[in-house]
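As structure tokens, the structure follows; a few thoughts come after it.
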Amino acid sequence: MQINMTWAMDAVDGDVELLKEVITDVVEEVPGQLNELRDSLQSNNARKLEQRAHYLKGSLGIIGAESASKLAAELEMLGRRKEFENTDRLIDSLEHELNQLKQFFSQPDWEQRV
Amino acid sequence: MNILIVEDNPISAKIVDMTLAKHGYSTILAEDGEEAWKVLTEKQDVQLMIGDLNLPNLDGLSLIERMHTHAWLKDLPVIVVSSENNAETVAKAADLGVIKYVVKPIKASHLLRDVKRILGHNRNILSSQREIQMRMEIDRDCYQEMIQSFIMLVQETVQMLRKLPEQDDQRLPVSEIVHLAESAELLGADRLHRFVDRLTRLEKINTYHYFFLLHELEALQELLPVLPGHAPVIHHDDGSSTRVRLLRQQIVQSGGSGMNSTGRG
């Protein structure tokens, strides 16, 4: 798991309170977004895969979740190319990253650890 | 003055919205291109659009293309904030007159700098009649009534300014100036509004302030219809007009502390 705090602080112009609020929003919506990704795979819906992955890429990029955002970008590309071959594996990797992120940001002193 | 944010990702929208709100800008949010189009074409007073490209219903580039077919939306400044960074998309946005293309992730301070620069450059001398009628939901007669009152107010302010150098107390009468600033804001005379608003916070005006205010009033008088019974503005080769030139002469001749004869014009 890679967290790029420069991205995150740049995004909010150094406003830590806003960043915390945004992190809470992202973490809360992660399970729903993962379900959407898996649904798109099951239904072979490339457009939906692309859109959901694009959405996650943006949200994760804002909070500095660099590696997770890159995985989402790869999924977006696969959706755009209508390729489903490696999608399942990538979604698993993304889920693993997101679980780590959730755990990390649930620690009360996460700011000191970055 | 509103900034329209077109963004389907609520996290990105929230960051842009809160950053702009913190710096005193009012915003309107739209989640897709069609919603944005509705905002733009209905009664909202939008001065700048900040939009993503990858949007549901109507994508960002199609929205901007559609704006180009509209008489009073084609010149609206647009900032694109998108994760799309391929040359073809960026070139297409540039062809459509996008004023700034920002690749995500967002950097709030950079976006804010761009917004300040763009809105600073686009401050109106006076908004169009149509724009004001739409913004305030008033008819032509009501607008005429307002603009006539504004002309009177501008002229009264000029009269007041003429007398100021002769007086012991050279501070601007704040209540009168505040009234001018309010009317200027209402009629979309943004530059005058901004400047007068700043003047009201100064204890004493200097020659620069004085002539800048006259310059703005001159610019307005060029645009405003002349009231019956008032002499029309006579233009000169150096860009000044008789009314304003006489006024300047009078101010310079009057002298007074805090003013000198080396001002603009």
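A, B, ... follow the sequence lines: proteins, then strands. Residue 1 opens every chain.
- There is no contact between Glu7(B) and chain A, counting heavy-atom distances below 4.5 Å.
- Atom NZ of Lys48(A) has more than 12 heavy atoms from other residues, nucleotides or ligands within 6.0 Å.
- One N or O on the side chain of Asn9(B) and one on the backbone of Tyr55(A) form a donor-acceptor pair closer than 3.5 Å.
- With contacts defined as side-chain heavy-atom distances shorter than 4.5 Å, the pair Asp10(A)/Pro105(B) does not qualify.
- Taking OG1 from Thr24(A) and CD1 from Ile11(B), the interatomic distance works out to 9.5 Å, rounded to the nearest 0.5 Å.
- How far CD of Glu76(A) is from CG of Asn54(B): 6.5 Å, rounded to the nearest 0.5 Å.
- Heavy atoms from other residues, nucleotides or ligands lying under 6.0 Å from NE2 of His96(A) number 12 at most.
- Inter-residue side-chain proximity for Asp15(A) and Met18(B) is flagged as unmet; no heavy-atom pair is nearer than 4.5 Å.
- One finds no salt bridge joining Glu17(A) and Lys22(B) here, because no Lys/Arg side-chain nitrogen approaches an Asp/Glu carboxylate oxygen to under 4.0 Å.
- Nearest heavy atom pair, residue Ala108(B) against residue Ala11(A), reads CB-O, 3.1 Å.
- Contact annotation for Glu29(A): only side-chain heavy atoms (C-beta onward) come within less than 4.5 Å of a heavy atom of chain B.
- Annotation: Gln103(A), atom CD; neighbour count of heavy atoms from other residues, nucleotides and ligands within 6.0 Å does not exceed 12.
- Residue with the most contacts toward chain B among Ile62(A), Val12(A), Ile63(A), Val22(A): Ile62(A) (heavy-atom pairs, distance under 4.5 Å).
- When side chains are defined from C-beta on, Asp52(B) counts as touching His54(A), because their heavy atoms get closer than 4.5 Å.
- The distance from atom CG of Asp13(A) to atom CD1 of Ile106(B), rounded to the nearest 0.5 Å, is 12.0 Å.
- Residue contact with chain A, scored on non-hydrogen atoms closer than 4.5 Å, involves the backbone and the side chain of Pro10(B) alike.
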